[in-house]
Amino acid sequence: MVRVFFLLLAVLFVLVAVSLQSSCGGDEEPASPEGAAGCGCDKLRRAAPGAEDPEEEKEEQRASREPAVKYTAAANEGISEMVFIPGGEFLMGTDSPGIPQDGEGPQRPVHVDSFYMDVLEVTNQQFQSFIRATGYVTEAEKFGDSFVFEGILGEAVKSQITQAVAAAPWWLPVKGANWKHPEGQDSNITDRLDHPVVHVSWADAVAFCSWANKRLPTEAEWEYACRGGLKDRLYPWGNKLNPKGQHYANLWQGEFPVHNSGEDGYVKTSPVKSFPANGFGLYDMVGNVWEWTLDWWTVHHTTDHQTNPTGPPSGQDKVKKGGSYMCHKSYCYRYRCAARSQNTPDSSASNLGFRCVSSEKR
Ligand SMILES: *[C@@H]1O[C@H](CO)[C@@H](O)[C@H](O)[C@H]1NC(C)=O
Ligand SMILES: [Ca+2]
Ligand SMILES: [Ca+2]
């Protein structure tokens, strides 16, 4: 089984390598049909199913359900500030897909009802509050490892690793890597409490949101929120990646995967709120970390008008949105509102997090 899996990955690797040769573009704007290869983020499947099904989240405990508090005033709380997103019509997806095979198109009319959304990606501090209140154990902790981008690992950790993801060799499964040890056993989050939590699986994200009496956003809600009231734009702030030479998101500058110049100030995750908010007051919708959504993955979408769509009833992968600090135009042109990618629900990685929404004020 495992061998077949790696063979498949090897084949994928060749395909990706071939397609890459023609897809390494520059930094120039606007949308182009290149960038097909992606960051390999969707290749992060666990080689073998874990022993136990980690369905027993302790979400029922919902121990400390406290009234919503301002994030800034209560850094210790597990519940962050939310903002009201007024419902309405929007055009979901795009007819000029940056990565057509991701199912970014066709553009389609969608209505979403009003909801509230976390202003910020869920932080390490908030996740720590959840863990302390519930004793929840994440999937990465149960599996004993998680995927870490090679570029942020020290030599000591790297030297102990013998396998990699063939299709995306810069992803390494690191023993002991999890939300509180983002680069493995010897790392910690002490100086990163205001960074987004990473190494959380889809179920982990669901468990957190549910503890906070919230839920994950649907893809439609997420994308509507990302657009911040703008129509048919690439980014939450418009069509130019760097208006007036300013960075609006934590992305990758330089040559992926070998050199990250950190021109935007960060080569790894950044503290949440380090870049400007969009029109709805939401931070880091694109970049910093990918964000899980509620929906199962499909690349086939109806162009019929939809109201509060929730994606297919079942599937193998969940949709994630927004791209991460690892995204670059030449390689993972997915830091656009219409862009999307997928992971198996049990995946966890050093660039994947989430935020919650709710229909009622929390
Ligand atoms: C956390 O990591 C830093 C280095 O990144 C180290 O100086 C510090 O001692 C660590 N703290 C704990 C509690 O392990
Ligand atoms: Ca960056
Ligand atoms: Ca994000």
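First listed ligand is number 1; within each ligand, the first listed atom is number 1. Counting from 1, the numbers follow the sequence of the chain as shown.
Under the side chain to side chain contact (heavy atoms under 4.5 Å, CB included) rule, S358 has a single partner from M117, R215, M82, which is M82.
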Between F130 and Y136, does a ring pair (Phe, Tyr, Trp, His ring centres under 6.0 Å) hold up when you go through it step by step? CA-CA 8 Å; F130 159 64; Y136 181 87; 5.2 Å; yes
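C327 and W290 make their closest contact through SG-CZ2, 4.4 Å (heavy atoms, listed as atom of the first residue, atom of the second, distance). Considering all non-hydrogen atoms of both residues, S146 and A349 come closest at OG-N, 3.7 Å.
A donor atom on one side chain and an acceptor atom on the other are found under 3.5 Å apart for H328 and S330. Checking H301 against Q306 by side-chain atom types alone, no donor-acceptor pair falls below 3.5 Å. Under 3.5 Å, the side chains of N260 and Q253 contain no donor-acceptor pair of N or O atoms. In this structure, a donor-acceptor pair under 3.5 Å is absent between the side chains of H111 and T307. In this model, a donor atom of one side chain and an acceptor atom of the other lie less than 3.5 Å apart for N288 and S270.
Between E291 and K320 no salt bridge is recorded (no basic side-chain N to carboxylate O distance below 4.0 Å).
Residue Y266: an N/O/S atom is found under 3.0 Å from the Ca ion (ligand 2). Taking 3.0 Å as the threshold, D264 counts as a candidate ligand of the Ca ion (ligand 2), since one of its N, O or S atoms lies below it. Put simply, Y325 stays out of reach of the Ca ion (ligand 2), with no N, O or S atom under 3.0 Å from it. Within the coordination shell of the Ca ion (ligand 2), defined by N, O or S atoms under 3.0 Å, L251 is present.
Distances shorter than 3.0 Å separate the Ca ion (ligand 3) from the protein N/O/S atoms E121 OE2, D284 O, G287 O, V289 O, E291 OE2.
Taking the centre of each ring, W202 and F354 stay at or above the 6.0 Å mark.
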Starting from the N and O atoms of ligand 1, find every protein N or O within less than 3.5 Å and list the pair with its distance.
{"residue": "ligand 1", "atom": "2 (O)", "partner": "N188", "partner atom": "OD1", "Å": "3.3"}
{"residue": "ligand 1", "atom": "2 (O)", "partner": "N188", "partner atom": "ND2", "Å": "2.3"}
{"residue": "ligand 1", "atom": "11 (N)", "partner": "N188", "partner atom": "ND2", "Å": "2.9"}
{"residue": "ligand 1", "atom": "14 (O)", "partner": "N188", "partner atom": "ND2", "Å": "3.3"}

